[in-house]
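Numbers here are sequence positions counted from 1.
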Amino acid sequence: MLKISPLSDLTKKEFEVLFSSYYQELGCEDDTAHLIDEYILPDLLSGLISIDILQDGEIFAGFVIYQTDDIENEWNFKEGWGDIRELYIIPSHRRQGLGKFLLYTAEMKLRESGTAKAYCLPSEESEKFFVACGYVKTEGYNAELDSIVYEKHDLSNKCK
């Protein structure tokens, strides 16, 4: 049975494992424990970001990190827009619709909080996924992350 729940003290260790796997897959050499302790968890606890974790039975299969951009947040690229910052599904659970389910849940929560539009800065490998979920490539570019901006103007549209 699938379950999506906000990150909590009970699932913190599983999130750390997932996040570490995600960063390894991206080829990032950053110290993930440091990133989690110094940036991610403080931002979560202050309400700047949200993190949901996906469970498939007893297996922790993925997570999504998202926020509504706000001037109070250091990462404020498109004020008032939802930002799908990170989305990860473990390799053994991909191509089963779990990423779409996780993304749709994040978009639903953004919509419920009053956010009408969202964007993402996908890697080349995940661009097709976001396009299938209604995100459109724009002329926008984020130089800091060397990424093209993809936008979704209607968060009620589900993935194909």
Side-chain angles (χ1 to χ4, degrees), residues 2-56 58-91 93-94 98-127 129-130 133 135 138 140-152 155:
L2 294 177
K3 176 183 172 185
I4 295 177
S5 56
L7 182 64
S8 70
D9 289 339
L10 298 174
T11 56
K12 181 179 177 263
K13 294 256 186 261
E14 289 79 3
F15 171 73
E16 290 171 350
V17 170
L18 289 168
F19 192 80
S20 179
S21 297
Y22 169 63
Y23 254 50
Q24 284 178 339
E25 195 172 310
L26 288 176
C28 297
E29 297 178 9
D30 295 333
D31 176 5
T32 55
H34 172 74
L35 289 174
I36 291 169
D37 291 339
E38 297 297 320
Y39 299 102
I40 295 172
L41 292 179
D43 283 357
L44 175 67
L45 293 172
S46 69
L48 293 176
I49 64 172
S50 297
I51 303 173
D52 290 339
I53 194 161
L54 172 68
Q55 226 176 315
D56 182 9
E58 298 298 316
I59 298 172
F60 286 88
F63 67 87
V64 62
I65 301 175
Y66 57 100
Q67 69 185 47
T68 298
D69 280 4
D70 185 280
I71 198 143
E72 299 293 320
N73 192 335
E74 183 179 319
W75 181 256
N76 179 33
F77 188 66
K78 293 176 79 65
E79 181 137 3
W81 285 62
D83 175 5
I84 306 300
R85 290 181 56 167
E86 317 286 345
L87 189 142
Y88 178 71
I89 300 294
I90 60 174
H93 281 65
R94 292 181 186 161
L98 300 180
K100 291 176 181 179
F101 180 53
L102 197 54
L103 178 60
Y104 180 72
T105 300
E107 290 174 346
M108 179 185 65
K109 290 180 178 182
L110 286 168
R111 199 171 61 246
E112 288 173 352
S113 72
T115 304
K117 304 173 196 175
Y119 72 95
C120 63
L121 306 170
S123 65
E124 285 183 38
E125 295 80 20
S126 62
E127 287 176 348
F129 167 80
F130 283 101
C133 290
Y135 287 78
T138 71
Y141 177 74
N142 181 294
E144 182 181 345
L145 297 176
D146 187 28
S147 184
I148 295 172
V149 179
Y150 283 70
E151 296 177 350
K152 186 172 185 178
L155 295 183

Which distance, rounded to the nearest 0.5 Å, do you find between the [atom1] of [X] and the [atom2] of [Y]?
{"X": "I65", "Y": "F15", "atom1": "CD1", "atom2": "CZ", "result": "4.0 Å"}
{"X": "I148", "Y": "S123", "atom1": "CD1", "atom2": "OG", "result": "12.0 Å"}
{"X": "K100", "Y": "I89", "atom1": "NZ", "atom2": "CD1", "result": "12.0 Å"}
{"X": "T11", "Y": "K3", "atom1": "OG1", "atom2": "NZ", "result": "8.5 Å"}
{"X": "K12", "Y": "I51", "atom1": "NZ", "atom2": "CD1", "result": "11.0 Å"}
{"X": "N142", "Y": "L121", "atom1": "CG", "atom2": "CG", "result": "5.0 Å"}

Side-chain contact test, heavy atoms from C-beta onward, threshold under 4.5 Å: evaluate it for [X] versus [Y] and give yes or no.
{"X": "P122", "Y": "F129", "result": "no"}
{"X": "F130", "Y": "I84", "result": "yes"}
{"X": "K78", "Y": "E151", "result": "yes"}
{"X": "T105", "Y": "V64", "result": "no"}

query: Given E25 and R94, is the salt bridge (charged side-chain N to carboxylate O under 4.0 Å, His left out) satisfied, shown in steps?
result: CA-CA 14 Å; E25 195 172 310; R94 292 181 186 161; 2.7 Å; yes

- prompt: OH of Y141: more than 12 outside heavy atoms within 6.0 angstrom?
  reply: yes

field: More than 12 heavy atoms of other groups within 6.0 Å of E79 CD
entry: yes

- request: Could you check F19 against I40 for side chain to side chain contact (heavy atoms under 4.5 Å, CB included), going step by step and ending with a plain yes or no?
  value: CA-CA 11 Å; F19 192 80; I40 295 172; 3.4 Å; yes

What are the two closest heavy atoms between [X] and [Y], and how far apart are they?
{"X": "G99", "Y": "L87", "answer": "O-CD1, 4.0 Å"}
{"X": "D56", "Y": "A61", "answer": "CB-CB, 4.4 Å"}
{"X": "L155", "Y": "A118", "answer": "CD2-CB, 3.6 Å"}

query: Which residue pairs pass the salt bridge (charged side-chain N to carboxylate O under 4.0 Å, His left out) test with at least one member in residues 102-120, sequence neighbours excluded?
result: D52-K109, E107-K152

- prompt: Is a donor on one side and an acceptor on the other found under 3.5 Å between the side chain of S20 and the backbone of V17?
  reply: no

- prompt: Does the D43 side chain pair with the main chain of L48, one donor and one acceptor, at a distance under 3.5 Å?
  reply: no

query: Does one side chain, of D83 or Y66, offer a donor that lies under 3.5 Å from an acceptor on the other?
result: no

- prompt: So F60 and L18, side chain to side chain contact (heavy atoms under 4.5 Å, CB included) or not? Walk me through it.
  reply: CA-CA 8 Å; F60 286 88; L18 289 168; 4.1 Å; yes

query: Are Y22 and Y88 near enough that their ring centres are under 6.0 Å apart?
result: yes

